[in-house]
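Reading through the structure tokens given below for one structure.
Start at 1 with the first residue, then count along the sequence.
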Amino acid sequence: MGAVARVALLRGVNVGGRRKVPMAALREALAARGFGAVRTHLHSGNVVFTAPPGEAEGLAGEISAVIEERFGFPVDCLVLTAEELRGAARRCPFPADDLDASKLLVLFLGAPAAGLPVAGLDPAEFAPEELRLGEREVFAYFPGGMGRSRLGARLVGRVVGERATGRNWRTVAALLALLDEVERAGA
């Protein structure tokens, strides 16, 4: 079986001028390590690539090791299969096409959402902001934006110590398009 498309979501890179990972250098480092069709989106650590079929944990560890070797610091990394990202998008309980994509967040988790403390949050406490659990993701809508959101602050507090990283819906849509591009190129 040939290489399959994956998505790597890096946590906490290029934020506030710290933990700098230039995307061109990251693409080069990953390609040199044998990853194929490496594409990045934005500067916040979104990578689409191909690799032989295998465990996401192993790929996440390998990508983290490449980053530490090349840039000098460890980075948490979640790796999703193409189907996992598409499944998360299908499970979105909000009418994503009708909302401001920058205000709809998907918090991707390294464990099932139901087993984490975030599952104990009372959505009514944060109205008009909304929170819904997925399988390995949490969906949140911030009609007033995320900047000063009480829900956003509580979400971060409820997943500390867990592998998790959030992406707004605009980024999720861009990653889906990059996946399609990489898969078409490999066909």
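- Closest of all the heavy-atom pairs between Leu10 and Cys77 is CD2-SG, 3.7 Å.
- Contact check for Phe142 versus Leu151: side-chain heavy atoms found under the 4.5 Å cut-off.
- Between the side chain of Arg70 and the backbone N or O of Glu68 there is no donor-acceptor pair closer than 3.5 Å.
- With rounding to the nearest 0.5 Å, the separation of OH in Tyr141 from NZ in Lys103 is 6.0 Å.
- A salt bridge does not link Glu183 with Arg39: every distance from a Lys NZ or Arg NE/NH1/NH2 to an Asp or Glu carboxylate oxygen is 4.0 Å or more.
- At a threshold of 4.5 Å between non-hydrogen side-chain atoms, the residues Arg19 and Asn14 do not count as touching.
- Scanning all heavy atoms of the two residues, the minimum distance from Leu78 to Ala164 falls at CD1-CA, 4.2 Å.
- Side chain of Glu137 to backbone of Glu135: a donor-acceptor contact under 3.5 angstrom is found.
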Tell me, with the steps shown, if Val4 and Thr81 meet side-chain contact (heavy atoms from CB on, under 4.5 Å). CA-CA 8 Å; Val4 295; Thr81 65; over 6 Å; no

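- The pair Glu84-Arg136 does not meet the salt-bridge criterion, since no charged nitrogen lies less than 4.0 angstrom from a carboxylate oxygen.
- Judged by a 6.0 Å distance limit and a 45° cone about the ring axis, Arg132 is positioned over the six-membered ring of Phe94.
- The closest side-chain heavy-atom distance from Ile63 to Phe35 is below 4.5 Å.
- Residues that satisfy the salt bridge (charged side-chain N to carboxylate O under 4.0 Å, His left out) test with Arg18, not counting sequence neighbours, are absent from this structure.
- Remark: Arg154 does not engage Asp122 in a salt bridge, criterion side-chain N to carboxylate O under 4.0 Å.
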Start with the C-alpha gap between Leu80 and Arg6, add the side-chain angles, then the distance that decides, and say whether side-chain contact (heavy atoms from CB on, under 4.5 Å) holds. CA-CA 6 Å; Leu80 306 174; Arg6 302 285 181 122; over 6 Å; no

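- No donor-acceptor pair closer than 3.5 Å links the side chain of Arg11 to the backbone N or O of Arg163.
- Closest heavy-atom contact between Ala88 and Phe139: O-CZ, 3.3 Å.
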Full working for side-chain contact (heavy atoms from CB on, under 4.5 Å) between Asn46 and Val7: CA-CA 7 Å; Asn46 304 291; Val7 176; over 6 Å; no

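- Ala89 meets the side-chain contact (heavy atoms from CB on, under 4.5 Å) test with Trp169, Leu176; sequence neighbours excluded.
- By the rule that hydrophobic residues join a cluster once side-chain heavy atoms approach within less than 4.5 Å of another member, Leu59 and Val38 end up as members of one cluster.
- Using a 4.0 Å cut-off between a side-chain N of Lys or Arg and a carboxylate O of Asp or Glu, Arg33 and Glu28 do not qualify as a salt bridge.
- Side chains of Leu104 and Asn168 form no contact here, defined as non-hydrogen atoms less than 4.5 Å apart.
- Listed for the Thr50 side chain is a donor-acceptor partner under 3.5 Å among the backbone atoms of Gly36.
- Between Ser149 and Glu129 there is a side-chain heavy-atom pair separated by less than 4.5 Å.
- Under the 4.5 Å side-chain criterion, counting only non-hydrogen atoms from C-beta, His41 is not in contact with Arg167.
- Of all non-hydrogen atoms in Ala140 and Leu155, the two that sit nearest each other are CB-CD1, 4.0 Å.
- In this structure, Thr165 and Asp76 have side chains that are not in contact, with every pair of non-hydrogen atoms separated by 4.5 Å or more.
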